Amino acid sequence: MDYLKINGIKSLSGEIQISGAKNASLPLIAMTILAKNKVSIKNLPHVVDINTLLKLLSNLGASCEFNDHNITVDTSSLNQTKATYDIVKTMRASILVLGPILTRFGHCEVSLPGGCAIGQRPIDLHLKALEHMGAKINIEAGYVQATAPDGLKGCNIIFDKITVTGTANIVMAAALAKGITTITNAAREPEVVQLCEILNKSGVSIEGIGTAVLTIHGTSGKLLDIDEFTIIPDRIEAGTYLCAGAITNSELTLKNVNAKHLGAVLAKLEEMGNSFTITPDTITLHPTAELKPVRIITQEYPAFPTDMQAQFLALATQANGTSVVEERLFENRFMHVSELQRMGANITLNGHVATVNGKTKLSGTDVMATDLRASSALVLAALVAEGETNIHRIYHLDRGYDNLEKKLELVGAKIQRLKE
Ligand code: UD1
């Protein structure tokens, strides 16, 4: 198993190239199940979650050709409709194949994803919506068995809660359904917007893209002709490196980034005293030596993303005063707190609210990554900790960060990947 060794208190400088967004790539790869042609995708990040989904598609019979950050996926040979536990257990987002396979083949089996480190993360909203569209759903022996022999039918769906992969799944299911599907309380994340925009260009008319009400005109089973497309920049990776600049008081420029997707994150960094120079595809962070405390509530886009909560908690340890961070999306997403405390952070947890009293001196030690974004919070803390920090179980980090240690090394961090 790999771990990261980081020597802290180092200031950074230079440019970081932002990769394509993992959370945009996953639904867009699943979307290729709806295509009649080979689909070329550019700017895919090199992260384990993408490989996991491609492996799942290959197991189902599709062929995938990788060429650096680009890929061609051909699902015309797809001849299996069962996503088995061995893959789904490693990545919950495997559930994204349910909508497209069911709508194309009339049947699909997907292993129930089970619990995950950051909370229960049920899929009831996905299933309820598919039932509304005429699917028969049976849960047996740990599998969701879905059938719709006569195809799915358009209907009105109102999500009780905003769900990102739920919205993506139902949009894809609706793409080949008969008639019109309306989704109310849809997710508005840029990753969902890109999925809708590409479908909209590929023969599925979608109204309301980027709003909470999506209207999808299904093709009644007609497969789509999907042109080559480029994955949008990863806003969470970008936000993480902005925090790296802010926590080390270093000027950093991010390239291939879209500041429009980072509104809430930039606003909070500004509240903490940082400023920015922004162009259409770069952001330069001008840091402050005196970080101010911040109040954060995680909510659905365009509000502050839960996927940036852990990184801001690490950043808040270096702000002068009391910061309050409230997690509203996932009930168990504070596992990085105990590791940050071991490094010297003064954080009190009360249910889903963390109170951080800063500024505290952090010291390097051995810490354990517990989930994807928690891992990056530990990297941020290690960058300013005195001495050496060893971050174990970084397979979590590898699920979602493309070459994190190389990117940080290029801007001056002392960071090494080693074997346990
Ligand atoms: C996606 C992102 C993840 C991010 C999360 C919230 C991907 C691959 N992952 O995850 O990085 O942290 O959005 O922005 O894009 N819920 C239900 N029932 C359901 C579905 C969801 O109760 O059927 C609840 C969840 O438990 C959670 C909330 O709804 O409390 C939001 O979850 P959701 O948006 O579905 O998260 P994911 O799509 O899994």
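Just so it is clear, the structure is predicted and the values come from calculations on it, not from any experiment. First listed ligand is number 1; within each ligand, the first listed atom is number 1.
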At a 4.0 Å threshold, what atoms of ligand 1 neighbour a non-hydrogen atom of [X]?
X    : value
V164 : 1 (C), 13 (O), 15 (O), 33 (P), 34 (O), 35 (O), 38 (O)
T306 : 6 (C), 12 (O), 14 (O)
R333 : 12 (O)
L329 : 27 (C), 30 (O)
I123 : 19 (C), 23 (O)

[X]/[Y] ion pair, N-O < 4.0 Å:
X    : Y    : value
E405 : R417 : yes
K406 : E409 : no
R342 : E339 : yes
R235 : E191 : yes
K22  : D307 : no

Minimal non-hydrogen separation, I123 against R92, with atom names: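 Reported closest heavy-atom pair: CG2-NH2, 4.2 Å.
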
For ligand 1, indicate whether the residue [X] contacts it via side chain, backbone, both or neither (heavy-atom separation under 4.0 Å).
X    : result
F330 : side chain
H126 : both
I162 : backbone

Tell me whether [X] has any N or O atom under 3.5 angstrom from an N or O of ligand 1.
X    : result
T165 : yes
E189 : no
A93  : no

To which of L26, D307, D371, T167 does the heavy atom nearest atom 12 (O) of ligand 1 belong?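 Nearest heavy atom to atom 12 (O) of ligand 1 lies in D307.
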
Pick from G166, A21, P122: the one approaching atom 20 (C) of ligand 1 most closely through a non-hydrogen atom: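 Residue with the shortest heavy-atom distance to the ligand atom: P122.
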
Side chains of T72 and E65, donor plus acceptor under 3.5 Å: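 No - no donor-acceptor pair under 3.5 Å links their side chains.
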
T322 side chain to N357 side chain, donor-acceptor N/O pair below 3.5 angstrom: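 Present: a donor and an acceptor within the cut-off.
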
With sequence neighbours excluded, what pairs up with Y3 under the ring-ring contact (aromatic ring centres under 6.0 Å, His included) test?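 H392.
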
